[in-house]
Amino acid sequence: MVTRKQPGEHVLATNRKAFFHYEVLERTEAGVVLVGTEVKSIRAGGLEFKDAYIDPRGGELLLVGCRIAPYSHGNLMNHAPDRARKLLLHKREILKLAGRVAERGLTLLPLRAYLKNGRVKLEIGLGKGKRAYDKRQAIKEKDQEREARQALGRRDR
C-alpha cells in the first residue's frame, strides 16, 4: 500500500481493504460537503470507510456507506452518521469517472481522507476487483516481505 503524503497534509483515515480487494488504476482528489459536527468528529478520528463506495447519481458523485461517528459535544445539532455525502469535483472529471464506471465495470472507491490546508479531502480511486488468486498472491508476497525483514532484523542483532 503506497500512500503519497504531501507536505502540509495530515492523513485522517485510510481504506486498507480497498487496496486488498481492488486493483487501483487511477487516483483523484475530491472535496467533501460536510457539516460542522462532521468535521469535528473526523478530526477526532471518527471516520470509518467500512463498505464505503462512490455512486455516480444525477451528474454528481456521492460517498455512500461511509460512517462518521456523531460528535461527542454535538448535542441537538449533531449530524446523521450514515448519510450520503456529495463529493466536489469539476463537472468534466465527474462525467469522465462516471463514464468509466458505466462502460468498463469499474468501481469508484474512497482510498484515504486527509486534511489539506484545513479542509477535509478525499482521495478516490478507480478500482478493478481482484480475483481470489490475485488476493492469495498479494498475501504470499506480504508474508515473504515480512519474513525477509525479520531475517534482516535477526541478523543485525
Side-chain angles (χ1 to χ4, degrees), residues 1-132 134-135 138-139 141-142 145-146:
M1 179 178 81
V2 177
T3 56
R4 295 177 222 137
K5 184 177 177 186
Q6 301 295 325
E9 287 184 3
H10 174 67
V11 177
L12 302 166
T14 57
N15 189 356
R16 293 176 56 196
K17 283 200 170 204
F19 292 99
F20 179 71
H21 291 296
Y22 296 90
E23 176 187 348
V24 179
L25 306 174
E26 194 176 311
R27 296 170 188 240
T28 307
E29 179 183 80
V32 187
V33 176
L34 299 170
V35 296
T37 56
E38 288 177 327
V39 175
K40 292 177 181 185
S41 179
I42 290 172
R43 285 178 182 250
L47 178 68
E48 288 181 29
F49 281 129
K50 185 178 180 186
D51 300 329
Y53 63 96
I54 297 166
D55 190 19
R57 284 189 217 156
E60 51 188 39
L61 297 178
L62 296 175
L63 177 62
V64 180
C66 179
R67 185 173 198 293
I68 299 176
Y71 183 54
S72 60
H73 304 302
N75 67 26
L76 188 62
M77 301 304 287
N78 235 333
H79 61 277
D82 295 320
R83 72 179 182 90
R85 292 161 182 91
K86 185 177 174 181
L87 297 181
L88 303 172
L89 287 162
H90 290 285
K91 194 65 151 182
R92 181 177 59 250
E93 293 173 313
I94 293 172
L95 293 174
K96 177 183 142 193
L97 291 172
R100 297 224 19 216
V101 166
E103 75 180 39
R104 296 189 186 159
L106 302 174
T107 305
L108 282 172
L109 306 158
L111 300 177
R112 68 184 178 117
Y114 54 94
L115 283 174
K116 183 177 182 182
N117 299 327
R119 302 188 189 280
V120 176
K121 300 288 184 179
L122 198 65
E123 183 178 38
I124 60 176
L126 196 60
K128 181 180 177 184
K130 285 185 183 179
R131 302 246 185 225
D134 292 332
K135 293 178 189 178
I139 291 171
E141 289 171 4
K142 278 185 185 177
E145 186 178 311
R146 183 175 54 246

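Every value quoted in this text rests on a predicted model; they were computed, and no experiment measured them.
The line from OH of Tyr22 to CG of Leu109 is 5.5 Å long, rounded to the nearest 0.5 Å. Considering CG of Asn15 and SG of Cys66, their distance stands at 9.0 Å, rounded to 0.5 Å. Between atom CG of residue Asn117 and atom CD of residue Glu9 there is a gap of 9.0 Å, rounded to the nearest 0.5 Å. Taken from CD in Glu60 to CG in Asp55, the straight-line distance is 10.5 Å, to the nearest 0.5 Å. Separating the OG1 atom in Thr37 from the NE2 atom in His73 is a distance of 12.5 Å, to the nearest 0.5 Å. To the nearest 0.5 Å, atoms CD1 (Ile54) and CD1 (Ile94) are separated by 11.0 Å.
Both the sub-6.0 Å distance and the 45° axial angle are not jointly satisfied by Arg16 relative to the ring of Phe20.
Residues Leu111 and Phe19 meet the side-chain proximity criterion, which asks for heavy atoms closer than 4.5 Å.
Residue Tyr114 forms a side chain to side chain donor-acceptor pair (under 3.5 Å) with just one option from Arg119, Glu29, Glu123, His10, and that option is Glu29. Among Thr14, Val32, Leu122, the one residue that satisfies the side-chain contact (heavy atoms from CB on, under 4.5 Å) test with Pro110 is Leu122.
Between the side chain of Arg85 and the backbone N or O of Arg83 there is at least one donor-acceptor pair closer than 3.5 Å. Using modelled atom types, no side-chain atom of Thr28 and backbone atom of Ile124 make a donor-acceptor pair closer than 3.5 Å. Side-chain atoms of Asp51 do not come within 3.5 Å of backbone N or O of Gly65 as any donor-acceptor pair.
The number of heavy atoms from other shown groups lying within 6.0 Å of CZ (Arg67) is above 12. Atom NZ of Lys40 is surrounded by 12 or fewer heavy atoms from other residues, nucleotides or ligands within 6.0 Å.
Closest heavy-atom contact between Ala69 and Ser41: O-OG, 2.5 Å. Between Val24 and Gly125 the shortest heavy-atom distance is CG1-CA, 4.2 Å.
Identified under the salt bridge (charged side-chain N to carboxylate O under 4.0 Å, His left out) test for residues 89-107, with sequence neighbours left out: Glu26-Lys96, Glu26-Arg100.
Electrostatic pairing of Glu23 and Lys128 does not count as a salt bridge here, judged by no charged N lying under 4.0 Å from a carboxylate O.
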| request: With side chain to side chain contact (heavy atoms under 4.5 Å, CB included) as the test, would you mind laying out the steps for Leu126 and Leu108 before giving the verdict? | output: CA-CA 5 Å; Leu126 196 60; Leu108 282 172; 3.6 Å; yes

